[in-house]
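Note: hydrogens, waters and symmetry copies are ignored here, and every other heavy atom, side chains too, is used. All chains are named by letter (A, B, ...) in the order of the sequence lines, taking the proteins before the strands, and each is independently numbered beginning at 1. What you see is a predicted model; the values in this text were computed from it and never measured.
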Amino acid sequence: MNAQYDIAIIGGGVVGTAIARGLSRFELKAVLLEARPDLGDESSKGNSALMCSGLDVPAGTLERRLVQRGYARYMAEASDMGLPIRKVGAITLAWSEEQQRILEHELAAARRDGFTAELFDSTEIYRRWPQFGPGIRCGLWAPDEAIVDPFSTPHAYALDALANGVDIRRGWPVQRAEHDGKSWALFNGAERLTTRCVINAGGIRADHVEALAGYSDFAIRPRRGQYMVLDKSARAIHDVIAMPTPTPATRGILITPTIFGNVLVGPTAEDVEDRDDRRVTDEGLAQLRQAIATMIPALADHPVNTIFAGMRPATQFSDYQIIPRLERGWVTVAGIRSTGLSASLGIAEHVAALLVPYMFDVARKPAPKRINVPSLSETSLRPWQDSGRIAIDPCYAEMICHCERISRGEIRDALACPLAPQTLNSLKRRTRAMFGRCQGFYCGARVQAMFEEGRGVPT
Amino acid sequence: MNSNSDPQVLIVGAGPAGLAAARTLAAQGVTDILVIDRDDAPGGLPRFCHHPGFGLEYARWPYTGPGFAKRLLCDLAGTNVRIECRTTLIALRDGPVAEITGPRLGFRQIRPRAIILATGIRESHRGNLLVPGGRAETGILTTGQLQQLVARRIALPKHLKSAVIIGTEHVAFSAIWTARHAGLRIRAMVGAEDRIMSFAPLGTLARAAGTDIFTRTHLREIVIENGAPSAVILQAPQEIRRLPTDAVLFTGNWIPEVAALTGGPVMLDPRTGGPEIDQAMRTSAPGTFAAGNMLHGVESSGWCANEGRHAGLMAARYLRGEIAGTQGGHRLELSAEIAFLVPQRWDSTAEAAPVSLRVARDMHNRRLALTAGADQLWTGGRRNFLRKRRIVLAAAMGATGVTIID
């Protein structure tokens with residue numbers, strides 16, 4: 001096999017898939033290469049699932065610009081893909097005088113930069129959110145901050161890219177790259193493809209990908225973030241993004257509703273040696289519990305559905321590392337540490353603008369095809385509530401996952417999708433089945449049976 | 001009954017409690033009974049436990065799990081009890097009104113005259129128990145999940161050869177049995193308490209069969225390599241031990257399944273996590289009864305069936321207008337040694353429900369007492385009280401509290 005492409009994107013996380021979607025709008029032959037069996041299976045699966053307006057990203061940085069642009073585009077385009085958004089707003093809390101001064105400063109800066117923000121005194125805070133623990137002096141209210149679906153987002157981008165002509169290869173780790181002066185040859189074992197241009201969106205392994213081309217401008221410094229997912233009953237108590245005043249070192253542990261209807265607590269911020277060390281630790285859990293006890297004591301003993309750790313693909317630099325090396329046709333998109341989901345559509349636009357006019361003399365496609373993913377939002381009409389839909393197909397009323405209320409029809413649809421999940425965990429992220437309070441006690445075997453049947457495994 | 005009219009009685013859950021309730025209602029002459037179950041076949045969790053010991057208190061015979069499920073279903077032959085599987089209770093409201101959804105009935109509200117809740121329990125898993133360690137793709141399960149995998153003939157991944165069982169309740173020994181059938185070698189059982197929570201002879205048998213039992217030991221961490229467990233780190237009083245294993249099985253620590261009751265009119269008991277009931281099995285929602293493991297975490301299937309029978313009897317009496325549909329009695333005061341008491345509310349009902357009590361810690365050579373205000377109404381004989389073991393108690397008129405004395 002020797003397929004020829006104009007552009008190969010290495011890395012199918014939220015950034016790589018957004019870039020693929022962006023480039024699919026041009027008359028180009030592009031391919032997305034993902035090492036893992038499924039897309040969005042590294043950093044993109046373990047984050048806070050926020051859509052940030054950019055207010056709390058340092059002004060003057062590329063990150064701020066692309067987060068702002070990404071936010072605007074997500075707000076405009078996500079619903080066309082079926083992706084849900086809940087603009088729940090964020091409140092940053094101050095307990096000390098020093099923290100209050102920081103928030104006052106941030107308020108002035110936010111207003112200067114055109115963000116909507118307001119400083120609430122403690123009376124207003126406790127009036128709006130009686131769940132907060134004692135001692136709060138004031139809080140910075142940012143009403144535009146939103147929560148989104150972190151799993152469906154890269155999936156929707158990839159489906160969109162696929163529908164608009166991008167090839168998608170999963171389980172295709174790039175092991176070697178050779179440049180002959182005109183184009184790149186990329187190798188995966190015996191397989192080989194050539195491309196005029198490579199975009200390195202390698203996320204947590206972006207430095208390894210850089211090394212294939214002989215570049216070493218940065219190193220990935222993985223930062224682990226541990227999280228706790230509280231049972232859905234917590235959302236009746238807490239339904240706003242809440243966080244402490246940030247310190248120079250970290251944004252701190254936030255407590256936020258998720259689009260799936262849970263409450264998420266995290267992340268911790270730990271520099272770790274091994275980028276695959278996604279361990280949850282006693283110390284991490286203690287920090288999370290401390291955060292709950294301080295911010296929302298009523299949730300201190302709330303049932304926990306699951307614990308996990310994500311890895312931020314940070315580098316030694318604080319800003320994004322987007323490096324166009326057009327002479328060799330190698331574009332690096334790295335160091336997208338915590339804000340990749342928020343900035344993804346901004347990054348895609350930025351990369352296309354850096355690359356397409358200078359390397360390719362191509363037109364935009366007249367009418368891109370539209371795709372739609374099922375909304376997994378708890379607050380949208382769920383299939384089991386939709387009598388019309390059930391009347392046509394009763395499979396949407398047959399619950400397989402009882403905790404999340406996910407029907408046989410939804411699991412069947414996910415398995416029949418052109419980018420069908422390759423692992424059980426990926427099916428879980430695609431449908432929410434087994435995501436709930438029982439974590440598969442009731443439904444695990446039935447979901448696995450459907451998964452294996454869908455993949456043609458004899459049972 | 002045609003599927004568009006509301007039944008007289010809706011029973012939620014076709015396990016031992018729900019099926020026994022259905023049989024009793026039918027025997028009492030109630031003709032319009034609908035049992036819904038969210039799984040694809042009736043019988044409840046015993047269906048997946050292929051060892052004897054089921055139904056003893058109810059049927060005076062130690063059936064296997066599937067055997068007892070079958071017996072309960074056979075008891076319904078000749079009645080017109082209708083069982084609708086794959087059908088889920090979504091929410092419950094005053095009325096009683098039940099919101100259900102299923103492929104045959106669709107998403108609808110039904111308004112029966114009485115509802116009996118018998119939705120059962122689930123096991124705690126790693127997330128509930130906050131066990132640190134790596135991120136796994138496979139190899140971390142609950143007994144329930146493993147039992148269903150085996151019953152549905154779904155092969156475990158080939159690299160899974162050994163397992164460590166977390167927990168020492170009865171179900172942990174059931175898990176040994178199931179795991180063996182799944183081709184897993186059980187290396188060890190781990191429990192935080194100073195004894196196994198199940199019967200001591202079962203521990204002796206397990207040891208004889210080559211399973212180490214570690215008591216007073218905590219699971220500190222699950223070590224993950226390549227997306228699956230490679231070892232567990234165990235913390236004993238004197239030492240930290242690393243035990244290689246391919247799988248970790250979480251067992252027991254039962255949680256009542258009450259998700260559909262959230263925000264509804266059925267009041268829950270914070271001690272059990274299940275509905276608070278009176279001696280007629282009535283919940284705080286008028287016309288709504290409850291029975292079985294959702295009331296108290298795990299009891300034997302025979303006990304649950306007996307509770308179901310009592311709930312069926314009480315619901316039949318309510319339909320005949322002999323008792324009210326509203327909850328009666330008063331909540332008993334429990335001393336610190338008592339973990340929970342079911343029914344929580346007592347009154348002067350002649351036909352009292354089975355009473356089940358658990359203690360919060362092991363106590364030796366003590367006596368149980370029922371109090372009425374400052375007075376002792378009744379005291380039992382000296383005995384040992386063990387955690388997680390059923391302590392049977394006869395209800396007494398006029399009691400206001402339960403305590404352990406001496």
*At a heavy-atom separation under 4.5 Å, does B:Ile140 approach chain A through its side chain, its backbone, both, or neither?*
neither
*When heavy-atom pairs shorter than 4.5 Å are enumerated against chain B, which of A:Thr306, A:Asp276, A:Val229, A:Asp282 gives the highest number?*
A:Asp282
*asked:* Taking B:Gly133's backbone N and O only, do any of them form a donor-acceptor pair with A:Arg278's side chain (distance below 3.5 Å, no angle check)?
replied: no
*Side-chain heavy-atom pair A:His402, B:Glu257 within 4.5 angstrom cut-off*: no
*With no hydrogens and no angle check, is any side-chain donor or acceptor of B:His125 less than 3.5 Å from a backbone partner on A:Arg437?*
yes
*Contact part of B:Ala155 toward chain A, heavy-atom cut-off under 4.5 Å: side chain, backbone, both or neither?*
backbone
_Does any backbone or side-chain atom of B:Thr101 lie under 4.5 Å from a heavy atom of chain A? Answer side chain, backbone, both or neither._
both
*Among B:Arg38, B:Glu137, B:Gln147, which has the most heavy-atom pairs under 4.5 Å with chain A?*
B:Arg38
*So what's closer than 4.5 Å to chain A heavy atoms on B:Leu89: side chain, backbone, both or neither?*
backbone
*Contacting region of B:Val131 [heavy-atom separation from chain A under 4.5 Å]*: backbone
*Sidechain-backbone polar pair: B:Arg135 side chain, A:Ala309 backbone, donor-acceptor under 3.5 Å*: yes
*Side chains of A:Gln385 and B:Phe107: closer than 4.5 Å at any heavy-atom pair?*
yes
*Could you check which of B:Leu141, B:Thr262, B:Ile90, B:Leu129 has the highest count of heavy-atom pairs closer than 4.5 Å to chain A?*
B:Ile90
*Side-chain contact test, heavy atoms from C-beta onward, threshold under 4.5 Å: evaluate it for A:Arg446 versus B:Asp40 and give yes or no.*
yes
*Below 4.5 Å from any heavy atom of chain A, which atoms of B:Ala260 appear? Answer side chain, backbone, both or neither.*
both
*Is it the side chain or the backbone of B:Ile255 that comes within 4.5 Å of chain A heavy atoms, both, or neither?*
neither
